[in-house]
Amino acid sequence: MLMDSAVENISALGQVGFPPQKLLISPDGSKIAYADENKLGVFWLKETTKQPARKSGDRETIYQAAGRVSEIFWQHYGEHLVFLEDNRLNAVELDTRSKTNHASWFENISAVDYIPGESKLFILEKDGVRPVEGKF
């Protein structure tokens, strides 16, 4: 039964209008982030009453990038995505009412890794690895 549901959801995800190159399930298992070279979207696996309310099967493009999207991570609570766009660190929230909140840091970053349970973000720069201060 669970496998049938997963196959059905993945099949529906393939109908988003572009073939996703990256898939990432949220920490609570209620949604999937998907991305291609320059688009970031979310596919809801379960109904939610959090604003804005979503039904199972809903999907939405939450970020249209000018550059290449890579290295995607769910923020600890599963309401924000952290990612690299052309070696710049970005964060975007899922709540798209009125306007989508988005933040970008203009540092040249080679790679990023995130430990969701501890809300710790590490970035790889030319000088080595360093933790990012603050709460993600």
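Only this structure's heavy atoms are used, side chains among them; waters, hydrogens and symmetry mates stay out.
- Glu85 pairs by the side chain to side chain contact (heavy atoms under 4.5 Å, CB included) definition with Tyr63, Ala65, Ala66, Phe83, Arg88, Asn90, not counting sequence neighbours.
- Across all non-hydrogen atoms, the minimal contact from Gly67 to Asp86 is CA-OD2, 3.0 Å.
- Summarising the geometry of Lys55 relative to Trp44, their closest heavy-atom pair is O-CB, 3.7 Å, with the distance given to 0.1 Å.
- One finds the NZ atom of Lys39 at 5.5 Å from the OG1 atom of Thr61 (value rounded to the nearest 0.5 Å).
- Between Asn87 atom CG and Arg68 atom CZ the span is 7.5 Å, to the nearest 0.5 Å.
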Test side chain to side chain contact (heavy atoms under 4.5 Å, CB included) on Glu79 and Lys50; report intermediate values, then the result.
CA-CA 10 Å; Glu79 297 302 320; Lys50 289 182 182 177; 3.4 Å; yes
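- Between Gly29 and Leu45, the shortest heavy-atom distance links the atoms O-CD1, 3.6 Å.
- Counting heavy atoms from C-beta on, the side chains of Val82 and Leu89 come closer than 4.5 Å.
- Counting heavy atoms from C-beta outward, Arg54 and Glu60 have side chains that approach closer than 4.5 Å.
- Thr48 contributes no side-chain N or O that, together with a main-chain N or O of Ala53, makes up a donor-acceptor pair within less than 3.5 Å.
- The CG atom of Leu94 sits 5.0 Å away from atom CD1 of Ile62, with the distance rounded to the nearest 0.5 Å.
- Nearest heavy atoms, Pro27 versus Gly78: CD-CA, 4.1 Å.
- At a threshold of 4.5 Å between non-hydrogen side-chain atoms, the residues Trp74 and Leu81 count as touching.
- Between Glu93 atom CD and His102 atom NE2 the span is 11.5 Å, to the nearest 0.5 Å.
- The heavy-atom pair separating Ser26 from Ser30 by the smallest distance is OG-N, 3.2 Å.
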